[in-house]
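Being a predicted model, the structure only gives us computed values, none of them experimental.
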Amino acid sequence: MKIKIAKTAGFCFGVKRAIDIVLDVSNRTRSPIFTDGPLIHNPQIVKALECRNVTSLGAKAIPDNATLVIRAHGVSPERREFLEKHCSKVFDGTCPLVSRIHKIVEREISKGRRVIIIGESGHPEVIGILGFSNNSGVVINSVSEAESLPEYGEPVSVVAQTTQETGRYEEIKFYLTEKYKDIVFFDTICNATEMRQNETAALAHEVDLMVVVGGKNSGNTKRLAEVSQKNGASTVLIETEEDISKEDIGDAEIVGITAGASTPNWMIRNVAQHIEDIANEKKDIFTRFLIKFVNFLIDSDIYIGIGAFSMAYVASTLISKQVHFFESGLAALYIFSMHTLNRFIDREAWRYNNSRRSKMYEKYMNYVLAGGILASTAVTVLSLTRGFWLFLFYLLCSIIGVLYSINFVPVQFRPLVRYASLKDIPGSRDIFISAAWATVLTISPVVSGKWIFEWRLLFTFSIIFIFAFCRTIILDIKDIQGDSIVGKETIPTLIENRYSVIINRVWDSVVPSFSRPIAAPNKFSALLIKMALLSGVTILIAAVLVNEYEYYSLALIVNFLFLLWAVNKFSREGSYYGNYIEGFTDFNFILCGMSLFAVKWLLILF
């Protein structure tokens with residue numbers, strides 16, 4: 001089976017901006033936050049936000065000193081005045097494209113023109129737009145409704161709901177042009193909406209089945225399903241991967257996936273992964289076993305343990321030119337144990353970032369926890385056979401590694417320090433993981449007395465740190481939306497927030513057009529990785545030039561190029577799902593050992 005994911009599927013600019021504002025306010029205030037109605041039309045996101053103390057106001061009375069965020073749909077002037085009067089703080093999450101419609105309607109009304117809104121009556125965005133027309137505007141959503149409009153004595157101005165279906169809008173526009181002589185149209189449909197609908201229409205002709213992912217109460221999601229059906233594709237509208245079954249897939253050979261503007265990328269990936277799992281059940285027994293075995297290695301962290309052993313070989317070869325298998329094994333076992341325990345402690349995020357791994361944790365929770373504890377205990381005990389100092393080194397590393405994800409700061413002190421654990425420090429995850437890899441792989445042999453401190457050790461520490469850092473950032477880019485929802489501030493989420501702030505200031509200071517805003521903030525994270533890779537290559541070459549490394553060490557340039565390929569391949573959050581990105585990226589650790597071993601022995605033999 002082939003799965004095609006629409007490039008335009010997922011969060012639109014306005015929705016993403018509103019979520020960024022809510023998450024930023026939540027991170028800064030650490031207090032309950034209210035939204036004026038559901039932030040977006042996606043029950044799963046709303047539920048996830050509730051876990052972060054972000055709730056919809058609904059019909060409830062506004063609590064005293066409430067902090068409130070206006071959602072992307074916007075509100076009427078009367079509603080805004082009411083909210084500002086009864087809340088201590090009000091943050092505006094209105095989509096800039098919707099704000100522009102507000103200004104257009106307000107201006108046209110002041111000119112004495114009649115305003116017609118092409119949109120869904122009762123939709124929050126339309127209600128807000130009506131408020132700017134002093135409630136004298138008229139809402140229509142079909143040609144038949146347009147036919148029932150009277151002959152107005154004043155000139156007419158027309159705007160459209162930003163998520164209106166373009167085909168329907170053009171039909172109504174054509175009719176109104178014939179009906180009214182003095183009429184002006186403002187094409188206010190969001191360009192991203194039009195692009196999403198056009199791609200859905202094109203994709204519908206290429207697939208046997210189209211799966212539309214999004215909240216069933218979301219207007220733009222329902223319109224995507226309508227577009228797909230109108231173009232002849234068998235269509236299924238679902239909210240999560242649990243809503244699709246073997247019967248829905250049937251004998252489809254090519255499945256297309258698109259999603260509404262309120263659907264996060266992790267939900268799209270989980271749906272694609274689930275569909276692929278269903279398709280894999282039809283494969284022969286050997287292929288099924290192989291796929292499940294590879295997924296098990298990755299999900300259980302055995303795969304990353306193998307990569308850690310390979311990197312231990314690299315460190316030994318670069319520093320001492322010989323392999324210390326016992327120390328390499330200890331380092332690999334430590335990295336395996338810390339990845340397992342921290343992922344177990346932080347398993348909430350995997351509900352969003354990798355549903356398969358999340359289900360494995362739920363099903364085999366006790367085994368996963370026991371495996372991590374046993375591995376950590378084995379490292380501590382075995383290190384004692386190499387001396388007290390190595391034992392103390394691994395004991396301290398294990399304590400720090402476990403404490404990273406545990407809330408150890410007493411509740412009464414948290415308002416003073418802001419952070420309950422080390423993982424709450426913004427960007428700390430990427431630095432801690434990279435430092436742990438580099439420290440264990442290069443420092444532990446020094447502590448055990450196998451190596452002495454010398455410059456090549458610092459060179460090796462830097463190179464391993466860079467490899468681990470780039471790997472972590474690539475995986476964080478993949479998980480950026482899921483991490484944001486659960487409050488994990490990785491370096492990509494920090495860069496993303498900074499990017500969003502800059503873009504928001506530009507939108508607020510410049511009258512926006514309806515061209516699609518730039519939606520590739522990951523390019524800044526990708527640039528950071530490329531700078532780190534360039535630094536790594538420079539360090540490697542410098543180490544060879546000053547005779548700290550042998551010439552065969554230059555084989556690692558292949559691995560820097562491999563990571564460059566990976567970041568170019570994955571930084572755009574394209575059509576990759578399941579364990580593919582993690583398996584591909586972590587293979588670089590194994591490839592490091594393989595390339596260094598191959599080149600070293602080729603030079604020795606020839």
- Note on the structure: By side chain to side chain contact (heavy atoms under 4.5 Å, CB included), Thr240 pairs with (sequence neighbours left out) Gln44, Glu242, Asp243
- Message: My understanding is that only residues two or more places apart in sequence, or in another chain, count here; which of them pass side chain to side chain contact (heavy atoms under 4.5 Å, CB included) with Thr193?
- Response: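 Per chain and number, Thr193 pairs via side chain to side chain contact (heavy atoms under 4.5 Å, CB included) with Thr163, Ile189, Cys190, Gln197.
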Judged by atom type as modelled, is there a donor-acceptor pair below 3.5 Å linking the side chain of [X] to the main-chain atoms of [Y]?
X	Y	value
Ser434	Phe469	yes
Thr263	Val213	yes
Arg343	Asp301	no
Thr585	Glu582	no
Asn198	Met195	no
Arg113	Glu108	no
Ser88	Ala66	yes
Asp24	Asp20	no
Asn220	Gly260	no
Ser218	Gly214	no

- Query: Going by distance alone, is a donor N or O of one side chain under 3.5 Å from an acceptor N or O of the other, for Glu199 and Thr8?
  - Reply: yes
- Judged by modelled atom types alone, do Gln164 and Asn141 share a side-chain donor-acceptor pair under 3.5 Å? yes
- Query: How are the rings of Tyr169 and Phe185 set to each other: parallel, tilted or perpendicular (split at 30° and 60°)?
  - Reply: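 Aromatic pair Tyr169/Phe185 classed perpendicular.
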Where do [X] and [Y] come nearest, in terms of heavy atoms and distance?
X	Y	answer
Glu165	Val227	CG-CG2, 4.1 Å
Val46	Ile40	CG2-O, 3.6 Å
Met267	Glu239	SD-O, 3.1 Å
Ile45	Pro264	CD1-CG, 3.6 Å
Pro63	Leu57	CD-CD1, 4.3 Å
Leu237	Lys216	O-CE, 3.6 Å

Counting C-beta onward and ignoring hydrogens, is there a side-chain heavy-atom pair between [X] and [Y] closer than 4.5 Å?
X	Y	value
Ile117	Val138	no
Lys173	Asp187	yes
Ile5	Thr258	no

- Task: Measure from NZ or CZ of Lys16 to the centre of the six-membered ring of Phe11, then state whether that distance is under 6.0 Å and the direction lies within 45° of the axis.
- Result: no
- Go through the structure and list residues passing side-chain hydrogen bond (donor to acceptor under 3.5 Å, both in side chains) with Arg80, not counting sequence neighbours. Asp92
- Message: Could you work out, with side-chain hydrogen bond (donor to acceptor under 3.5 Å, both in side chains) as the rule, every residue matching His102, not counting sequence neighbours?
- Response: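 His102 satisfies side-chain hydrogen bond (donor to acceptor under 3.5 Å, both in side chains) with no other residue.
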- Query: Which residue pairs pass the salt bridge (Lys or Arg N to Asp or Glu O under 4.0 Å) test with at least one member in residues 116-132, sequence neighbours excluded?
  - Reply: Glu120-Arg223
Contacts under 3.5 angstrom, residues 69-78 side chains, donor-acceptor by atom type, not counting sequence neighbours:
residue	atom	partner	partner atom	Å
Arg71	NE	Asp36	O	3.0
Arg71	NH1	Pro38	O	2.9
Ser76	OG	Arg79	N	3.2

- Flag the pair Arg168 and Glu226 as a salt bridge only when some basic side-chain nitrogen lies within less than 4.0 angstrom of an acidic carboxylate oxygen.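 Answer for the salt bridge query: yes.
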